[in-house]
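So that the names make sense, note that chain A is the first sequence line, chain B the second, and so on, each numbered from 1. Any value given below was found using the heavy atoms of this structure, including those in side chains, with hydrogens, waters and symmetry copies removed.
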Amino acid sequence: MRALYIARRFAVFLLIVWLAASLNFFLPRLSGQDPVRTKLLAEAQLGGYVHAGIEDMVKEYNQKFGLDRPLWRQYLSYLGDTAQLDFNYSISNYPRTVRDLIAEALPWTVGLLGMTTLLSFGIGSFLGALLAWPGAPRWMRYVMPPLWALHAIPFFLLGLILMYLFAFQLRLLPIFGGYSPGASPGFNIRFVLDVMAHATLPALSIILVATGGWALGMRGMMVTTMGEDYVTFAEAKGLRASTIFLRYCVRNAILPQTTALALALGQILSGAVLVEVIFGYPGIGALLFQAIRENDHFLIQGIVFTVIVALGFTTFILDVLYPWLDPRISYQRT
Amino acid sequence: MNALRIEGLRVSFDHPLGVVRAVDDVSFALRPNERFGLVGESGSGKSTMALAIMRMIRPPGHIDGGDILLGDTNLSTLSGDAIRRTRLAGIAMVPQGSMNALNPVMRVGAQVADAMRDHGVQPRDIDQLMARVGLPAGTVEKYPHELSGGMKQRVCIAIAICLRPTVIIADEPTSALDVVVQRQVMRTLAVVQQDLNAAILLIGHDMGLMAQFVDRLGVMYAGRLVEIAPIAEIVRKPRHPYTEMLIASLPSMDHKDALRGIPGLAPLLRDLPSGCAFHPRCPKARDRCRAERPLPREIEGGVLAACHFA
Amino acid sequence: MLRYLKRNPSLTVGIGFLGVLVVFIAVGMILIDPEDARPLSAPALHPPSWAYPFGTDRQGRDLFAAMVVGTPLTLRIGFIAGILGVVIGTILAFVAGFYRGIVDTAIRGVADIGLTVPGLLILIIIAVSVRGGLTVNQMALVVASLAWLNPTRTIRSQVLTLRERGYVEVARLSGMNGPEIIFFEMIPNLLPYLGATLVNAVSAAILASIGLEVLGLGPLEAPTLGMTLYWVNFNAAIINGWWWWWMAPIVIILLVFLGLFFMTVGLDEIANPRLRRSI
Amino acid sequence: MSFRVTTPLLQADRAGRIYGSGMLGSARTVALDDFSLSVGTGSPSITAIVGESGSGKTTLARLLLGLTTPTSGTIRYRGEDIARLSGDSRRAYRTDIQAIFQDPYGVFNPFYRVDHVLTTPVRKFRLASSRSEARALIEQALRTVGLRPEEILGRYPHQLSGGQRQRTMVARALLLKPKIIIADEPVSMVDASLRATILGSLRRLTDELGISILYITHDLATAWQVSDNIIVMYRASAVEAGQAEAVVKTPAHPYTKLLVGSIPQVSLTRDWLATEPDVQRPEERDAACRFADRCPFTMAVCHTQRPPLSRISPCHAAACHLHGQHADLAAEDLNDVLA
């Protein structure tokens with residue numbers, strides 16, 4: 001049962017990868033003309049020493065994706081390249097490859113998002129659970145409504161406000177970038193502290209917005225769970241309130257939250273792209289922004305593909321871990 | 001001394017349309033080692049009784065008065081933590097057989113163990129406990145969804161007896177089970193009760209089950225106790241008209257005759273008829289029944305009925 | 001109605017916020033000349049004054065006029081995309097959930113996979129592919145292309161529980177056919193839920209459109225709220241201390257999102273009585 | 001071999017239903033196995049289908065009502081496969097065969113007043129030509145089941161009691177002047193004091209209006225009280241069938257015996273708990289006879305051969321090797337032992 005379940009989930013993951021790749025290939029071609037070719041030709045016509053390389057790219061591109069070749073041949077050679085994570089050169093950063101640029105930016109985004117997602121999920125679920133509990137502390141009544149209101153606001157909008165308050169007005173925190181210009185990257189206290197100072201505002205804007213959502217979801221699940229017979233029976237068993245709360249309520253209410261986590265990752269990432277843009281944070285989002293501005297199709301496609309694969313993989317991992325949280329799942333028919 | 005004595009218990013619920021009195025001045029007692037039944041139809045307050053005795057009424061409900069004496073301890077005055085310790089150790093509950101009383105994501109053994117641990121008992125011999133309720137070895141490692149309904153209910157019984165309580169409240173323990181399984185579960189309950197010398201309060205709506213299982217029976221109608229008597233007396237000669245009609249409305253396997261229901265509708269608890277709550281449906285009702293509420297009185301040795309004409 | 005609003009403060013607050021916006025737009029329309037929302041119609045970078053109550057931006061737009069013209073545009077994108085998304089989503093959800101079978105498997109599969117993928121990225125790919133000056137309506141269609149995913153998923157699960165209700169079977173025995181059962185038996189019970197889904201979808205669509213616009217993929221000529229923010233970011237208005245430039249769009253966007261959010265909370269309270277305890 | 005002069009009104013013809021595709025490891029459940037039964041032949045009667053949960057009784061009801069499709073065999077109305085009915089014959093099927101369900105609350109759409117459930121069939125089947133005629137029809141149906149129209153009409157479902165709601169559903173079925181009513185656990189969610197009233201009104205429908213009733217229940221006692229015939233189901237098949245009196249008073253199948261003995265009775269003889277503990281041999285669950293794992297009389301043949309129905313008497317049959325000396329009764333001739 002378990003092996004079959006994992007195999008099925010992995011098949012879904014592969015399907016997502018394939019869909020993402022195909023989307024990348026077909027969508028730009030839907031408009032009839034190939035925007036990549038158009039862009040490449042335009043760059044090549046500009047001339048100059050950088051563009052000598054671009055002309056080579058045009059040749060290679062034409063050879064691979066030339067109009068004289070049938071679409072399915074183009075598609076196959078595209079899939080082949082993608083499978084080898086070869087996304088071509090970045091048009092605007094020639095001769096750097098798209099793969100290098102992404103590899104450079106990815107750790108920043110993974111670090112920022114990993115931390116903010118875990119923190120907001122943890123804090124939000126905890127607050128939501130506590131709020132549904134009859135003995136909820138009084139202070140929560142004042143903390144929660146603002147959190148819920150914040151949850152309705154886009155991440156980057158809060159980012160703008162925080163930036164104005166803490167970086168521009170109070171000058172407490174750095175306003176821009178991933179680390180101070182001139183700081184020498186390396187694994188030393190100075191640099192780590194510098195990076196953390198720069199990450200504080202982007203992280204805060206994501207956490208403040210995302211926490212309320214998790215709290216709201218968790219509270220709803222807790223209210224449902226607390227109405228279940230096994231909670232009543234747990235109370236009749238004379239269990240301590242803390243045991244009932246943790247092992248009979250939170251333990252069960254967290255399950256749908258975990259499923260939601262997989263879905264939420266995509267949305268958090270969407271929002272984080274804009275946060276990175278606003279704060280000039282050197283992650284994937286800012287790279288994407290630059291790529292869009294400069295019409296760098298290869299870079300855009302590479303980023304979109306990488307992100308979708310990364311998310312698909314995270315979802316797959318969550319799915320694999322899920323039966324461990326909910327023993328019923330691998331027995332159910334899906 | 002009685003194993004459990006309920007004295008003048010009153011429970012009500014706040015409702016937008018007024019206060020609903022779910023349990024209205026109910027008194028009865030369980031002797032040690034006795035099987036006592038409480039029978040009633042939906043809305044008669046019988047399940048509220050179970051929760052009230054365990055001091056588990058949640059808002060908007062509240063206990064308005066009365067005493068709950070377990071041995072010589074008055075549960076109604078115990079503090080929060082003391083009542084928690086009394087649950088399971090002194091008075092245990094077998095929940096409604098609704099298939100959902102066990103946490104679906106915890107192994108069965110762990111659900112027994114945490115009950116012991118929270119009462120300061122080191123969990124051990126859980127396998128033996130399972131054997132006592134007739135469950136095969138290895139059940140402790142199972143999750144609830146891997147067990148049948150009857151097995152789950154046995155697990156609940158095992159949990160209920162793990163600290164050897166003096167009183168077990170069984171609230172419709174077989175309501176979702178098939179008749180064949182029902183008999184097995186009730187037999188298990190009877191066996192463990194004799195093992196423990198515990199008193200059982202069986203709450204239910206099935207008069208046949210009561211007749212076959214309990215020693216004495218209390219009949220509830222609209223939150224009030226209308227009759228208490230040894231079960232043989234009730235079967236032989238019910239004193240309250242409601243009890244009599246309830247028994248008559250049950251299908252028998254012995255003789256086939258026209259089924260007789262009780263005419264009219266069960267009253268709304270927030271809008272009870274004056275006097276005797278049963279008078280609108282009672283063929284024997286007189287003016288006095290409309291005006292004056294009959295209180296339970298002893299008709300003869302051990303037989304109480306709340307009827308002016310019993 | 002009024003008495004109900006009293007018992008549902010969230011809904012009241014939500015409607016109130018959106019009401020303020022409507023009044024702002026209506027009054028603004030009387031006071032301004034839409035031409036002032038265009039560049040070079042006012043002195044550049046003027047802080048708020050009596051002549052320009054919201055100030056002016058670097059390209060010489062009267063920001064008050066830009067807000068009055070831009071807010072309805074943003075709302076229009078949100079409503080077109082949201083309504084399209086919910087209508088398509090409802091149809092797909094009912095087809096999938098009510099008739100089940102292979103169609104259901106297909107629809108559910110597409111929706112589930114589509115939802116794992118960050119919508120903004122797909123929208124970026126679409127927007128980049130069709131670039132060359134999007135109009136506001138085209139923008140709405142781009143956003144709508146993904147707006148049906150979430151409604152399809154959530155409404156489908158509601159349909160699945162509804163179709164097991166006894167009254168659906170009774171309706172069939174009473175001679176109703178599939179569409180009649182959907183329209184007369186199921187949808188009436190889903191109305192509050194559909195309402196909440198719609199408000200959610202509108203909110204999500206506005207969020208997505210503003211996101212695309214801030215990245216520079218919006219209608220460059222239109223003074224929508226998101227495009228104003230794009231110019232704010234483009235010109236680094238915060239670091240330069242031009243606070244009025246971003247103040248107006250942010251306050252309006254806050255009003256929009258908070259208003260829609262409180263409306264969903266209020267509608268949820270109607271749709272899901274179990275949560276009927278004030279937040 | 002038996003020859004039927006008339007085509008039965010409603011017939012399950014070797015109908016089976018399997019849940020789960022069996023692909024990708026999902027479990028296959030046989031809900032109903034090769035089941036044949038005709039309803040509405042001969043004089044009006046009540047036939048009870050008795051069984052525990054999962055015995056296939058509700059699946060049978062849903063198949064006959066066309067709410068589920070069979071995975072094998074056919075359901076026929078006047079000899080025609082109900083999946084192929086169209087136009088007038090489909091309308092006739094829908095009016096002739098009606099149902100009463102278990103949950104008297106869930107069958108009402110909370111969005112509408114109670115009237116909705118009564119006016120819909122009148123409108124859809126054009127039972128009345130005017131509003132007042134419709135109203136008169138509805139009021140008459142309500143009175144037939146002992147309800148006062150003024151206490152029912154214009155109210156919302158939650159304002160009625162369980163008994164009123166269930167009787168309203170009986171009235172709904174009556175509006176269509178059906179020939180057959182399939183009642184799926186109609187009283188299991190109704191208080192004991194009201195059960196008798198509802199069952200009594202079902203009996204009158206048969207006796208006075210000539211409607212045949214298929215009474216699906218887990219309760220052998222009520223089945224015996226109201227029905228003419230009883231079919232006992234166990235794990236997707238009929239294990240015993242016959243006239244109610246014969247099945248209950250002289251049960252032939254060990255499962256029926258167990259069932260009869262398991263019903264707690266209001267009586268002074270308290271032998272219910274005293275009997276032998278029940279047999280349970282889970283390891284024999286996959287034996288040929290599906291009851292082998294719980295049967296006190298299991299023999300070698302029970303493991304290898306599915307017992308066919310044996311005709312113990314003209315009006316009594318059981319599927320058990322203990323009665324192998326009697327003539328076999330083909331599953332499709334189950335009706336031969338019913339009155």
Side-chain angles (χ1 to χ4, degrees), chain A residues 12 15-16 19-20 23-24 27-31 35 131-132 144-145 148-149 151-154 156-157 160-161 163-164 167-168 175-176 216 219-220 223-224 227 262-263 265-271 273-274 277-278 285 288-289 291-293 295 297 300-301 303-304 307-308 311-312 314-315, chain C residues 10 109-110 112-132 150 153 203-204 206-208 210-212 214-217 229 232-234 236-241 243 246-247 249-250 253-254 256-262 264-265 268 272 274-275 277 279:
Chain A
V12 170
L15 189 68
I16 289 177
L19 281 175
L23 206 66
N24 256 339
L27 267 184
R29 284 169 174 76
L30 276 185
S31 50
L131 196 76
M144 294 323 288
W148 276 319
H151 152 66
I153 300 172
F156 65 93
L157 211 62
L160 281 177
I161 299 170
M163 184 196 254
Y164 178 74
F168 182 76
I175 201 161
F176 203 77
L216 208 57
R219 188 192 67 122
V223 171
T224 312
L263 285 183
L265 277 175
Q267 284 163 29
I268 292 178
L269 189 114
S270 290
V273 166
L274 293 157
V277 170
I278 300 278
L288 181 65
F289 182 53
I292 293 171
R293 269 193 169 183
N295 225 346
H297 273 93
I300 297 176
Q301 292 186 347
I303 291 173
V304 170
V307 165
I308 293 179
L311 277 175
T314 318
T315 314
Chain C
S10 310
V110 172
D112 277 0
I113 291 176
L115 279 170
T116 355
V117 172
L120 191 66
L121 292 196
I122 305 293
L123 292 180
I124 287 172
I125 288 283
I126 298 175
V128 168
S129 306
V130 300
R131 186 139 67 168
N150 203 39
R153 196 180 112 104
S203 172
I206 295 178
L207 180 65
I210 293 181
L212 285 176
V214 170
L215 288 174
L217 292 171
L229 283 182
V232 164
N233 192 45
F234 189 88
I238 291 190
I239 303 176
N240 288 312
W243 55 268
W246 52 268
M247 190 64 100
I250 281 190
I253 294 177
L254 283 181
V256 171
F257 281 111
L258 289 178
L260 292 172
F261 169 71
F262 282 114
T264 1
V265 174
D268 263 345
N272 194 356
R274 191 118 71 126
L275 287 172
R277 307 194 312 190
I279 59 169

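Looking at A:Leu274, only its side chain comes within 4.5 Å of chain C, counting heavy atoms on both sides. In this structure, the portion of C:Ile124 lying under 4.5 Å from any heavy atom of chain A is its side chain and not its backbone.
In this structure the side chain of A:Phe168 never reaches within 4.5 angstrom of the side chain of C:Trp243, judged on heavy atoms. Using a 4.5 Å cut-off on side-chain heavy atoms (C-beta onward), C:Leu229 and A:Leu157 make contact. Using a 4.5 Å cut-off on side-chain heavy atoms (C-beta onward), A:Arg293 and C:Phe234 make contact.
Taking A:Ile303, A:Leu160, A:Ile308 one by one and counting their heavy-atom pairs under 4.5 Å with chain C, the maximum is reached by A:Leu160. For the set A:Leu311, A:Leu265, A:Leu15, A:Thr314, the entry with the most heavy-atom pairs within less than 4.5 Å of chain C is A:Leu311. Comparing C:Ile253, C:Ile239, C:Leu115 by heavy-atom pairs within less than 4.5 Å of chain A, the highest count is held by C:Ile239.
When all heavy atoms of A:Phe289 and C:Val214 are compared, the closest pair comes out as CE1-O, 3.9 Å. Between A:Ile292 and C:Leu215, the shortest heavy-atom distance links the atoms CG2-O, 4.0 Å. Shortest non-hydrogen contact noted between C:Ile210 and A:Phe156 is CG2-CZ, 3.4 Å. Taking all atoms of both residues into account, the shortest heavy-atom contact from A:Ala149 to C:Leu258 is O-CD2, 3.3 Å. Residues A:Ala152 and C:Phe257 approach most closely at O-CB, 3.2 Å, considering heavy atoms.
Between the CD1 atom of A:Ile153 and the CG atom of C:Leu207 there is a distance of 11.5 Å, given to the nearest 0.5 Å.
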